[in-house]
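Throughout, a chain's letter reflects where its sequence line sits, starting with A, and its residues are numbered from 1. Not measured: the values here are computed from a predicted model.
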There are 2 protein chains.
Amino acid sequence: MPQDFRCNCPFTSALDVLGDKWILVIVKQMLIEGKETFKDFTESEEAIATNILASKLKLLEEVGIIIKTKRPENKKTNLYLLTDKGLALAPILVELASWSDGNLRDIHPTIVNGEAMELLRNDKTAFANALMNKYKEKLAATKASMNNQ
Amino acid sequence: MPQDFRCNCPFTSALDVLGDKWILVIVKQMLIEGKETFKDFTESEEAIATNILASKLKLLEEVGIIIKTKRPENKKTNLYLLTDKGLALAPILVELASWSDGNLRDIHPTIVNGEAMELLRNDKTAFANALMNKYKEKLAATKASMNNQ
DNA sequence: TAATATTGCTTGCAAAACAAAAGTAAAAAA
DNA sequence: TTTTTTACTTTTGTTTTGCAAGCAATATTA
């Protein structure tokens, strides 16, 4: 199923791809929590069911937000990594968190409010860039370790 | 049903509220296309079904993103207006459109690419602020016309 | 004023998406 | 070589979505 779009509106088209409860949560887990294997995702606090995880990972790969690889020394464990298209979602995630921070605490008082949130509040663009750079470094390290094998 | 949250993560919590195919499309229609009545929404190009529209409007109201009013001279037509909490979604919408612009054209070449998109590309923050200010002016005008009656 | 149209829904039903639990096959570890 | 781990798939519901029709209250037109 090659993604279907409702119309030519850029807002709506983004939601045709990203508009559900899981897609961006998976991207967040990769970008912020460093998850990269099927098992990693099943162990997250959001507790996604394995059948849904499998279908969403497939969709993310089809759209080009992630790629699926393996480390040369391990034939079993798949590695799911963000592409540039996936990394470009960082500013959306940051805006989502910022909106929660400012507008959801009245109906959901236990939303975390740590040091990272302070940084995010202070400069959203810088926060998003930091996330992307950190992930790019990780990607570079992963690639390097693969070539060493 | 008072909104349920999966966990205390600000990213995930935003998606608990906004993560579906319609919520942000309705907000977009209000903020960008100036829609404000039930009929307005049913006539949009995204063609939402009336039962889904009704349920989503209810949810948006419960969460506090919109309010439902009437003009004093018309007892039939409901007016749905964005609250501050709803207006604060503008930066998210802008980031979504920006991501589409830069990352979806390969699989969806007919995404619109007009003058507005150029402005958005040029300065996302300014674009979001302009949207919010324009809507606030409209709100002020609506309120004023109500007091005149 | 009576008939007609409009607005804002609700209801019923089929299809698709989501979810919990269990099962499975290949690879890795003991 | 047995056990465990990883990455799924399958099965069986339940919930959400979507289409079509219906309906009541208000507004408009004749």
Given D:dT17, D:dT6, C:dA20, the nucleotide with the shortest approach to the side chain of A:A49: C:dA20

What nucleic acid atoms does B:T50 come within less than 4.0 Å of, heavy atoms only: base, sugar-phosphate, or nothing? base

Scan B:N51 against the nucleic acid and name what it touches under 4.0 Å (heavy atoms): base, sugar-phosphate only, or nothing. base

Answer with base, sugar-phosphate or nothing: what part of the nucleic acid does B:T37 contact at a heavy-atom distance below 4.0 Å? sugar-phosphate

Nucleotide of D:dT17, D:dC8, C:dT6 approaching A:Y80 most closely (side-chain heavy atoms): D:dC8

Can you tell me the distance, in whole Å, between the CG atom of B:D40 and the P atom of C:dT7? 9 Å

Test item: B:I26 and B:F41 side chains (from C-beta on) under 4.5 Å apart, heavy atoms: yes

A:K75 NZ to D:dA7 P: how many Å, rounded? 16 Å

B:E46 has an atom CD; how far is it from atom C1' of D:dC19, in whole Å? 18 Å

Send over the distance from B:L57 CG to D:dT17 C1', rounded to a whole Å. 16 Å

Going by heavy atoms in the side chains, are B:T37 and B:K39 under 4.5 Å from each other? yes

From the candidates D:dC8, C:dC9, D:dT6, the one with an atom nearest any side-chain atom of A:F38 is D:dC8

Rounding to an integer number of Å, can you tell me how far B:D20 CG sits from C:dC18 C1'? 14 Å

Got a sec, which residues hit ring-ring contact (aromatic ring centres under 6.0 Å, His included) with A:F38, two or more places apart in sequence or on another chain? none

Closest to the A:K56 side chain: C:dC18, C:dT10, D:dG18? C:dC18

With a 4.0 Å cutoff (strictly under), does any side-chain N or O of B:N74 reach OP1 or OP2 of D:dA27? yes

Measure the distance from CD1 on B:I48 to P on D:dA20 and round it to the nearest whole Å. 16 Å

Do B:I23 and B:V63 make a side-chain contact, defined as non-hydrogen atoms from C-beta onward lying under 4.5 Å apart? no

Would you say B:D101 and B:S98 are linked by a side-chain donor-acceptor pair, where the criterion is simply a distance under 3.5 Å? no

Using the test salt bridge (charged side-chain N to carboxylate O under 4.0 Å, His left out), find all partners of B:E45 that sit at least two apart in sequence or belong to another chain. none

Between D:dT6 and A:K76, counting only base atoms on the nucleotide and side-chain atoms on the residue, is there a donor-acceptor pair under 3.5 Å? no

Specify the separation, in whole Å, of atom CG of A:D4 and atom C1' of C:dA17. 15 Å

Is the shortest side-chain N/O distance from B:W22 to OP1 or OP2 of D:dG18 below 4.0 Å? yes

D:dC8, OP1 or OP2 - any side-chain N/O from A:N78 closer than 4.0 Å? yes

Give one of base, sugar-phosphate or nothing for B:K68, where a contact means two heavy atoms less than 4.0 Å apart. sugar-phosphate

If I take atom CG in residue B:L53 and atom C1' in nucleotide C:dC9, what distance separates them, rounded to the nearest angstrom? 9 Å

Between D:dT17, D:dC8, C:dA21, which nucleotide has the shortest distance from any of its atoms to the side chain of B:I52? D:dT17

